[in-house]
Amino acid sequence: MNKPSHKSIASRVKVLLLMLFFISFLVPTLGQISKGKVVQTQIQSQALINPMGENPNRNASIYLPPGYESSTHSYPVIYFLHGFMGDDTMLNFMAPLLDFAISTKKIRPVIVVIPDEKTSYEGSFYSNSEIFGKWEDFTAIELVKFIDENYRTIATKESRGITGHSMGGYGALKIAMHHPDTFSSVYALSPGALTIVREYGPNSDTFKELSRLKSMEEVNKSYFGKVIIAFGRSWSPNPNKPPFYCDLPFEYWGEELIVHPEILEKWHANMPVHMIDENLENLKKLKAIKLDWGRNSGERFTQMCQMFSQRLENVGVKHFAEEYIGTHTSDIYTQDGRIPQQMLPFFDFYLNFEN
């Protein structure tokens with residue numbers, strides 16, 4: 001076999017050096033990543049004034065991309081809704097992911113907003129409750145108006161997207177279904193509460209356990225108990241029914257299951273699997289819809305997400321649905337995870353970035 005000549009080796013080295021030179025410009029190192037800024041503000045909400053003691057003055061954290069303060073440019077906005085027991089401060093640890101995604105061209109510079117919608121019962125489910133506050137109206141109307149009035153946004157639906165994880169993914173789908181003239185696209189990360197299955201259902205241990213509990217102190221020791229009471233306060237509140245102040249669709253008298261169809265109907269009216277027919281025209285107004293879920297996130301998530309996607313397909317609503325290898329929380333908030341690699345590029349493609 002002929003050995004390569006010195007000239008050939010030198011030529012190959014030149015090619016390799018040129019490749020490395022260009023790669024150094026295309027893929028910035030961590031030290032070269034420009035950083036955005038997170039600011040926190042408070043919004044005095046009229047929609048959230050309520051008789052049950054929930055604070056109507058809500059914090060919101062806003063990510064301003066690199067270059068925001070030194071330019072006059074306006075930006076599209078992504079509204080990110082946090083999960084059950086979360087709040088707006090999660091933007092502080094999400095900010096490096098946004099910096100990374102912008103620096104590596106996963107998405108062009110964008111404003112990201114996370115409102116604090118944690119309640120005394122851990123989560124509002126971004127729903128209009130008759131006595132605990134109109135959380136959907138706060139999110140889709142008051143929050144959007146406040147951000148457009150106080151930051152340099154491109155204030156059109158084509159430049160607004162809504163997303164969120166778990167309870168936030170549920171809220172993103174529900175709000176997008178109700179407000180297609182405010183948001184053009186939606187991406188739900190592992191959305192919950194899409195319908196009643198598994199631990200949310202009457203034949204699980206959840207309602208049997210709840211039927212034995214007599215106080216919120218006892219409920220707070222039970223995760224699924226807390227979730228069900230939050231559902232009730234969000235979708236079927238009852239000011240005359242202490243200590244939980246809500247009606248539930250299922251209860252147990254001893255070992256006997258009692259079903260309350262009128263309450264179940266209220267819950268279905270707020271669960272996306274059952275909201276599709278009534279909101280079909282709104283869904284078709286949306287430019288893009290996507291949801292994803294981890295294969296190992298638990299059967300209630302995989303079952304709900306598959307049901308929702310199948311129902312959308314059956315009525316001709318174009319969307320993207322993806323199951324990936326992961327749990328309910330893994331592979332989302334990392335540089336190789338769903339937020340920078342899937343969700344943000346989705347919005348980079350579908351949002352309008354031009355003033």
Side-chain angles (χ1 to χ4, degrees), residues 27 30 33 38 61 63 78-104 106-107 110 112-118 122-123 125-126 161-174 185-195 197-200 204 206 222-224 226-227 230 272-273 288-310 319-349:
V27 183
L30 289 175
I33 291 179
V38 175
S61 290
Y63 172 86
I78 298 172
Y79 289 84
F80 187 102
L81 307 182
H82 63 74
F84 194 64
M85 299 191 291
D87 61 31
D88 66 300
T89 59
M90 67 181 297
L91 189 55
N92 292 322
F93 70 80
M94 279 179 59
L97 291 181
L98 301 173
D99 294 338
F100 168 77
I102 291 171
S103 293
T104 54
K106 302 292 184 183
I107 190 170
V110 63
V112 177
V113 178
I114 302 183
D116 173 17
E117 304 202 31
K118 184 177 182 179
E122 303 292 2
F125 281 89
Y126 304 98
I162 189 164
T163 183
H165 176 220
S166 195
M167 179 184 82
Y170 157 85
L173 288 173
K174 179 179 179 177
S185 49
V186 56
Y187 190 126
L189 296 149
S190 296
L194 303 185
T195 187
V197 294
R198 302 293 174 176
E199 291 89 349
Y200 302 157
S204 68
T206 303
S222 162
Y223 175 77
F224 286 111
K226 284 196 294 187
V227 172
V273 166
I289 303 167
K290 183 172 181 179
L291 67 154
D292 66 20
W293 62 94
R295 179 184 299 170
N296 304 303
S297 58
E299 290 188 359
R300 71 184 183 280
F301 288 104
T302 57
Q303 191 172 343
M304 286 188 298
C305 290
Q306 289 168 358
M307 289 173 67
F308 183 67
S309 176
Q310 185 68 64
H319 69 289
F320 303 96
E322 182 179 355
E323 180 178 281
Y324 60 93
I325 300 173
T327 67
H328 184 55
T329 55
S330 68
D331 306 309
I332 296 175
Y333 300 96
T334 57
Q335 285 192 1
D336 61 350
R338 308 301 293 182
I339 288 176
Q341 301 298 334
Q342 302 293 330
M343 181 267 279
L344 293 174
F346 169 87
F347 285 118
D348 185 73
F349 187 83

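Please read these numbers as outputs of a predicted model, since none were measured by experiment.
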[X] versus [Y], closest heavy-atom pair with distance:
| X | Y | value |
| --- | --- | --- |
| A188 | G169 | CB-O, 3.6 Å |
| Y126 | G171 | CD1-CA, 3.8 Å |
| V110 | I107 | CG1-CD1, 3.9 Å |
| A193 | Y200 | N-CE1, 3.9 Å |
| G161 | F347 | CA-CE2, 3.6 Å |
| P272 | Y170 | CD-CE1, 3.4 Å |

| field | Criterion side chain to side chain contact (heavy atoms under 4.5 Å, CB included) on E117 and M167, from CA distance to verdict | value | CA-CA 11 Å; E117 304 202 31; M167 179 184 82; 5.7 Å; no
Validation row: [X], [Y] side chains within 4.5 angstrom (heavy atoms):
| X | Y | value |
| --- | --- | --- |
| H319 | S309 | yes |
| D331 | I325 | no |
| M307 | V197 | yes |
| L98 | F80 | no |
| F308 | T195 | no |
| M304 | V273 | no |
| F84 | Y223 | yes |
| L97 | Q335 | yes |

| Inter- and intrachain pairs under salt bridge (Lys or Arg N to Asp or Glu O under 4.0 Å), touching residues 335-347, at least two apart |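 Passing the test, one end in residues 335-347: D292-R338, E322-R338.
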| query | Which pairs count as salt bridge (Lys or Arg N to Asp or Glu O under 4.0 Å) when at least one residue sits in residues 87-100, sequence neighbours excluded? | reply |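 Qualifying pairs, neighbours excluded: none.
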Contacts of type salt bridge (Lys or Arg N to Asp or Glu O under 4.0 Å), residue [X], not counting sequence neighbours:
| X | answer |
| --- | --- |
| D116 | R58 |
| K118 | E122 |
| D348 | R108 |

If I take atom [atom1] from residue [X] and atom [atom2] from residue [Y], how far apart are they, to the nearest 0.5 angstrom?
| X | Y | atom1 | atom2 | result |
| --- | --- | --- | --- | --- |
| S185 | K290 | OG | NZ | 12.5 Å |
| L81 | K174 | CG | NZ | 12.0 Å |
| N296 | E323 | CG | CD | 8.0 Å |
| Y324 | S297 | OH | OG | 7.0 Å |
| L173 | Y187 | CG | OH | 11.5 Å |
| H82 | M90 | NE2 | CE | 8.5 Å |

| task | Report the residue from I114, V112, N92 that forms a side chain to side chain contact (heavy atoms under 4.5 Å, CB included) with V38. | result |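 Exactly one option meets the side chain to side chain contact (heavy atoms under 4.5 Å, CB included) with V38, and it is N92.
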| task | Using side chain to side chain donor-acceptor pair (under 3.5 Å) as the criterion, list what pairs up with T163, not counting sequence neighbours. | result |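 By the side chain to side chain donor-acceptor pair (under 3.5 Å) rule, T163 matches no residue at all.
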| Backbone N or O of E199 within a donor-acceptor pair of the T206 side chain at under 3.5 Å? |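 Looks like yes, one N/O pair under 3.5 Å.
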| field | side chain to side chain contact (heavy atoms under 4.5 Å, CB included) evaluation trace for F100 with I33 | value | CA-CA 7 Å; F100 168 77; I33 291 179; 4.1 Å; yes
| message | Using 30° and 60° as the class boundaries, would you call the ring planes of H165 and Y333 parallel, tilted or perpendicular? | response |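 If you compare the ring of H165 with that of Y333, the planes turn out perpendicular.
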